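Computed from a predicted model, the values in this text were never measured in an experiment.
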Amino acid sequence: MEALQALDEICAKKDLSNNNRKKAVAALLEMSNDINNAKQVAGYLMKLHYSACPAYFNRAATELANEQLAAVVEAFRANEQFQKDKPQNFLYPKGFGSVLALAKAAKYGLSFSILNYILLRSENGSQFADGCKNSFKKTVIDTNGLAFIQKLAKAVNTDSFDAKSFDKRRLERFLDAVADNTVTTSVEALPPPLSSSNTTQPKAIKEDPISAPTEKVAPPNSFEANISVDSLVRIEATQSEMLAVLRRLTENRTAMDALALQLQKKNGEIDSAQSTILDRERQLSATALELKKSKEALSSAEEQISDLTSRLRASLNMDEISKNQELTTLKNDISEALKLDYSDFIGTRNSEYSQDLFEAYRSTLTRIFKLLKRFGVTCE
């Protein structure tokens with residue numbers, strides 16, 4: 001809360017002093033420790049004076065983790081003001097300052113992501129807006145920062161990180177345009193030679209050969225006139241050829257840029273398809289792993305069932321054997337207990353019936369029933 005309050009107070013001031021800049025950068029770095037604050041940090045960078053951007057990224061490049069720094073750069077590049085408002089107010093001064101700060105810290109991938117967006121916005125055909133080139137000269141070249149941008153270009157061309165071929169060519173065209181602009185400016189600053197009889201000659205140096213008319217100078221004599229006319233004819237023919245070649249180059253460049261945009265779109269579709277395929281492969285691998293685990297669990301359950309079945313059969317066999325043994329033992333015990341009564345019966349079965357014999361048989365039957373009851377056999 002204190003950091004937000006301090007930033008709001010600083011943003012309310014039109015001028016950003018060195019002390020307030022340091023306070024703002026410190027507050028932004030504190031907020032940047034949480035990746036979820038990246039969008040809010042980018043919003044404050046747009047509100048503050050453009051000098052706060054390089055000051056912030058100078059420290060952020062060394063004090064923040066790569067993930068935190070990448071989140072802030074992405075939010076910075078995607079900010080609505082950075083994308084839609086006037087380029088000379090936001091895109092160029094804040095963008096080039098941030099690009100230079102990240103390039104100085106050798107954060108080439110993040111630096112190029114901002115620089116490439118700036119060039120994409122400022123490019124029209126194969127030309128770049130004058131405001132873009134002038135702002136680059138003021139922000140980078142005049143502050144002795146061109147060497148760091150050249151190191152960035154070298155990292156791009158050596159494939160130190162992923163960059164599209166047409167983005168590489170765009171950066172090369174921009175650096176060439178800036179270099180040409182620097183040379184032209186230095187030539188324009190030179191005074192015309194004292195011995196020159198034509199004061200308009202230096203202006204011919206800076207004019208575009210496509211639009212500059214060819215001036216025919218009257219020769220001092222007929223011999224020189226013939227030579228000059230022939231030369232001018234050849235020059236005009238050469239210029240016409242050059243104009244035709246330049247037009248073809250411009251048309252080809254436009255067509256190449258259109259194809260490059262189509263290729264970029266197709267590459268995006270391919271990347272999306274590859275991401276979908278990768279997700280499907282992950283899901284398939286997870287399903288195959290779950291299926292394998294299920295098969296292993298089923299095999300283990302079948303083994304347990306087979307083991308339990310075998311043990312149950314063995315147990316039933318043991319019970320049957322035990323019951324047979326018990327029955328045999330019971331028969332033997334009953335047989336042994338009835339031997340004496342059976343002997344008495346055999347000895348008296350042929351005797352004549354009498355009261356005493358009846359009493360003896362009744363006593364014998366009583367003992368037999370008691371014996372059977374004792375062995376668990378009931379007749380009730």
Side-chain angles (χ1 to χ4, degrees), residues 77 82-84 86-88 90-92 95-96 99-100 103 108-109 111-141 146 148-188 203-214 234-271:
R77 191 170 59 84
F82 195 72
Q83 291 185 348
K84 296 182 179 180
K86 295 181 179 180
Q88 61 269 25
F90 293 93
L91 183 67
Y92 299 150
F96 283 132
V99 167
L100 180 58
Y108 295 126
S111 178
F112 181 69
S113 68
I114 301 176
L115 177 58
N116 185 56
Y117 178 75
I118 297 173
L119 301 184
L120 185 64
R121 284 278 309 276
S122 64
E123 187 181 27
N124 184 11
S126 60
Q127 303 296 323
F128 296 92
D130 291 337
C132 176
K133 292 185 287 187
N134 292 335
S135 182
F136 183 83
K137 180 178 181 300
K138 178 182 177 181
T139 307
V140 177
I141 297 178
L146 182 59
F148 297 101
I149 303 302
Q150 290 173 341
K151 289 182 180 180
L152 168 61
K154 183 178 179 181
V156 173
N157 291 326
T158 55
D159 295 328
S160 298
F161 53 89
D162 186 20
K164 307 296 183 183
S165 57
F166 47 84
D167 291 335
K168 295 179 182 179
R169 291 195 299 270
R170 184 185 298 112
L171 177 58
E172 292 175 358
R173 292 198 305 273
F174 176 72
L175 293 179
D176 291 341
V178 173
D180 293 341
N181 185 55
T182 304
V183 173
T184 303
T185 303
S186 62
V187 172
E188 291 175 354
K203 293 184 180 179
I205 298 175
K206 66 177 182 179
E207 290 177 351
D208 190 349
I210 297 177
S211 59
T214 304
R234 287 195 298 270
I235 290 173
E236 288 180 351
T238 304
Q239 286 182 338
S240 298
E241 294 177 359
M242 290 176 62
L243 286 172
V245 171
L246 287 173
R247 289 191 186 97
R248 287 197 298 271
L249 286 175
T250 302
E251 293 173 357
N252 292 337
R253 179 66 67 182
T254 302
M256 288 174 60
D257 290 339
L259 290 174
L261 290 175
Q262 294 179 4
L263 180 61
Q264 186 177 15
K265 182 179 178 180
K266 295 299 181 183
N267 287 335
E269 294 176 357
I270 292 172
D271 292 340

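- Pairs engaging residues 243-265 under the ring pair (Phe, Tyr, Trp, His ring centres under 6.0 Å) rule: none recorded [sequence neighbours left out].
- Rounding to the nearest 0.5 Å places CG of Asn252 at 8.0 Å from CE of Met256.
- Atom NZ of Lys168 is surrounded by more than 12 heavy atoms from other residues, nucleotides or ligands within 6.0 Å.
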Residue pair Leu91, Phe96: steps toward the side-chain contact (heavy atoms from CB on, under 4.5 Å) verdict: CA-CA 8 Å; Leu91 183 67; Phe96 283 132; over 6 Å; no
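- The heavy-atom pair separating Ile114 from Gly95 by the smallest distance is CG2-O, 4.0 Å.
- Distance check, rounded to the nearest 0.5 Å: CD1 of Ile141 to CG of Leu100 gives 11.0 Å.
- Note that CG of Leu120 is 7.5 Å distant from CG of Asp167, once rounded to the nearest 0.5 Å.
- Taking CG from Leu246 and CZ from Arg253, the interatomic distance works out to 12.0 Å, rounded to the nearest 0.5 Å.
- Not counting sequence neighbours, Arg169 has no partner by the side chain to side chain donor-acceptor pair (under 3.5 Å) test.
- Aromatic rings of Phe136 and Phe174 (six-membered ring for Trp) have centroids within the 6.0 Å cut-off, being under it.
- Between the NZ atom in Lys154 and the CG atom in Leu152 there is a gap of 12.5 Å [rounded to 0.5 Å].
- Considering all non-hydrogen atoms of both residues, Tyr108 and Ala155 come closest at CD1-CB, 3.8 Å.
- Annotation for Ala103 and Ile149: closest pair CB-CD1, 4.4 Å, computed over non-hydrogen atoms.
- Using a cutoff of 4.0 Å between basic side-chain nitrogens and carboxylate oxygens, Asp176 and Arg173 are not scored as salt-bridged.
- Residue Ala177 comes nearest to Lys133 through the heavy atom pair CB-CD, 4.2 Å, listed as atom of the first residue, atom of the second, then distance.
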Intermediate values then yes/no, side-chain contact (heavy atoms from CB on, under 4.5 Å), Phe128 and Arg170: CA-CA 10 Å; Phe128 296 92; Arg170 184 185 298 112; 3.9 Å; yes
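- Here the closest heavy-atom approach between residue Ile118 and residue Cys132 is recorded as CG2-SG, 4.4 Å.
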Donor-acceptor pairs under 3.5 Å, side chain of residues 262-270 to any protein atom, not counting sequence neighbours: which ones?
residue, atom, partner, partner atom, Å
Asn267, ND2, Leu263, O, 3.2

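- Note: Thr139 OG1 to Tyr92 OH = 11.5 Å, rounded to the nearest 0.5 Å.
- Crowding of Asn124 atom CG: a count of heavy atoms from other residues, nucleotides or ligands under 6.0 Å not exceeding 12.
- Of the possible donor and acceptor atoms, none in the side chain of Asn116 sits under 3.5 Å from a partner among the backbone N and O of Phe112.
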